[in-house]
Amino acid sequence: MSERTVELEVLRYNPETDGEPHFQRYSVTCREEWVVLDALNHIKETVDPTLSYRWSCHMAVCGSCGMMIDGEPKLACKTFLRDYPGVIRVEPLAHFPVERDLVTVIDDFIAKLTRVKPYLIPKEEKPVAAGEYRQTPAQLKRYKQFTLCINCMLCYAACPEYGIIPKFLGPAAISLAHRWNQDSRDGGRAQRQEEIAATEGVWECSFTGACSEVCPEHVDPAAALQQVKIKSTVDWYLAHTMPWLNK
Amino acid sequence: MAEQVTRKPYVREVPRMLWFLRHPRYMRYMAREFSCLFIGAYTLMLVVGLKRLAEGPDAWAGFLAALGSPGAIVFHLFALAFSAYHSITWFRLTPKAMPVQIGDTFVADRVISGAHYAGWALVSLVVLWLAGAF
Amino acid sequence: MATSNKPIVWGPFAAGGTLTAFLTPVLILLTLLAGLGHAPDLLAYDALRAFAAHGIVKLGLVVVIFLSLWSAAHRLRITCYDLGLRADTLVATLVYAVAIAGTVAAAAYLLRLNPV
């Protein structure tokens, strides 16, 4: 197994002692097949136990280890060291406050995710005895892509509009709202529109497309947001030109 | 009793103006958005053209002559490049905004984009033909 | 939170973005050809005068000019915000006003073109 030495430049911030973050350089002897997360684990285990970062599954499912790697939002568990020839710069996800080292404060995203009600609001309530809410393969296909979101927040770190307008509901939350709106079993669209069709909802999106470029699960949030814009626009014009449709 | 943990999150500010220099994809985005300056300016130029047309043959001849000035030619070349970039990006993103599902599958993005590119080419040829450019 | 009225401005932006994507490059090509001394037949005074005097053509030109100006104005509004000019209400009022003024001016000039 071939080994080589990799230089990592990691952003460090200790809220108890530091006024502002600084970079710390680590040399790591790593194996060919290592990802950035392996190198961080190696540093924490053998060099510097004070280094803080989030991770869990090491297989691009849990969405915990999102960080900026050479300026690009990436999952550290999916980013191979061998793809980076020089010093690798590792920073916490952009646009989020830094809690400590590579750990960010994600309260804003969690609050927004909660607001869009990303769960089934049944079109018609029925007792358990009445059986399942059935769905055809075509109805499943309609939203399946948007179920793949792992809440890793890479799209928020990539979205310049979220950086400029922190109130913006953002790519993942709106995509997940769209996922449920597209579900044939769901009847909660009117409730979700209150959030996603608000000014701070989808209308702060300028279709940079960065969210879809960085999404590790190919959810394509940018597509979801454009579809929400079109549907919301059709809603608005119908409501204002054909008032007899309003109940 | 656990030790009191100090929380003092550090906020890294986004540069107010030149944030888009941080990544090539942001620069491509700004180039796309800058196309609006050329499309807007060109359309205002067309309005001026209508004014000259309404003023009579001499005014119109003057307008046509002004189109031949070096400044106008350079402007046209930039406007052509930026408006074509707008068209390319717009049609490339169209399948995202308007996906077409047939049964269990979505029509491939490249088919939807391709149809729009073909339509764009057809519209351009028809306009050139109607205007007697050939 | 209430749903936004942004669709009022976004609807014409999206329509204009699509229209300009199809049409603007070839229009630029026409006037570029004229500038280079190869003016297409339609740009001769008599031909264009007669063409633009049709009611349907007038309507079409006003629609094209409105949607083109509006989509450019809307994009410019967002670009101003992106570039740090955060007085959004002022910028929006200004750019949309220019788009409407340009459209009204175009309509006024076209109304002066009576059928020959």
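Being a predicted model, the structure only gives us computed values, none of them experimental. Quick note on labels: first sequence line is chain A, next is B, and so on, each numbered from 1.
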For this session: Under 4.5 Å heavy-atom distance to chain C, tell me which part of A:Ile230 shows up: side chain, backbone, both or neither.
Result: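 Both parts, backbone and side chain.
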Measuring from [X]:[atom1] to [Y]:[atom2], what's the distance to the nearest 0.5 Å?
| X | Y | atom1 | atom2 | result |
| --- | --- | --- | --- | --- |
| A:Glu161 | C:Asp82 | CD | CG | 4.5 Å |
| A:Gln193 | C:Ser4 | CD | OG | 11.5 Å |
| C:Asn5 | A:Trp203 | CG | CH2 | 10.5 Å |
| C:Arg77 | A:Ser206 | CZ | OG | 12.5 Å |

Exercise. Within a reach of under 6.0 Å around OH of A:Tyr84, are more than 12 heavy atoms found that belong to other residues, nucleotides or ligands?
Worked result: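 Counting neighbours around OH of A:Tyr84, more than 12 heavy atoms of other residues, nucleotides or ligands fall under 6.0 Å, so yes.
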For this session: Return yes when atom NZ of A:Lys126 has more than 12 non-hydrogen atoms of other residues, nucleotides or ligands closer than 6.0 Å, and no otherwise.
Result: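 Counting neighbours around NZ of A:Lys126, more than 12 heavy atoms of other residues, nucleotides or ligands fall under 6.0 Å, so yes.
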Problem set entry | Sidechain-backbone polar pair: A:Tyr237 side chain, C:Ile8 backbone, donor-acceptor under 3.5 Å |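 The answer is yes, because a donor-acceptor pair under 3.5 Å joins these two groups.
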Exercise. Taking the side chain as C-beta and beyond, is there a heavy-atom pair between A:Trp236 and C:Thr3 under 4.5 Å?
Worked result: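 Side-chain contact under 4.5 Å: no.
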Problem set entry | Nearest heavy-atom neighbours spanning A:Thr199 and C:Lys6 |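 What the structure gives for the nearest pair is CG2-NZ, 4.2 Å.
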Exercise. Which region of C:Arg86, side chain (C-beta onward) or backbone (N, CA, C, O), has a non-hydrogen atom less than 4.5 Å from a non-hydrogen atom of chain A, or is it both or neither?
Worked result: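 For C:Arg86, side-chain heavy atoms alone lie under 4.5 Å from chain A.
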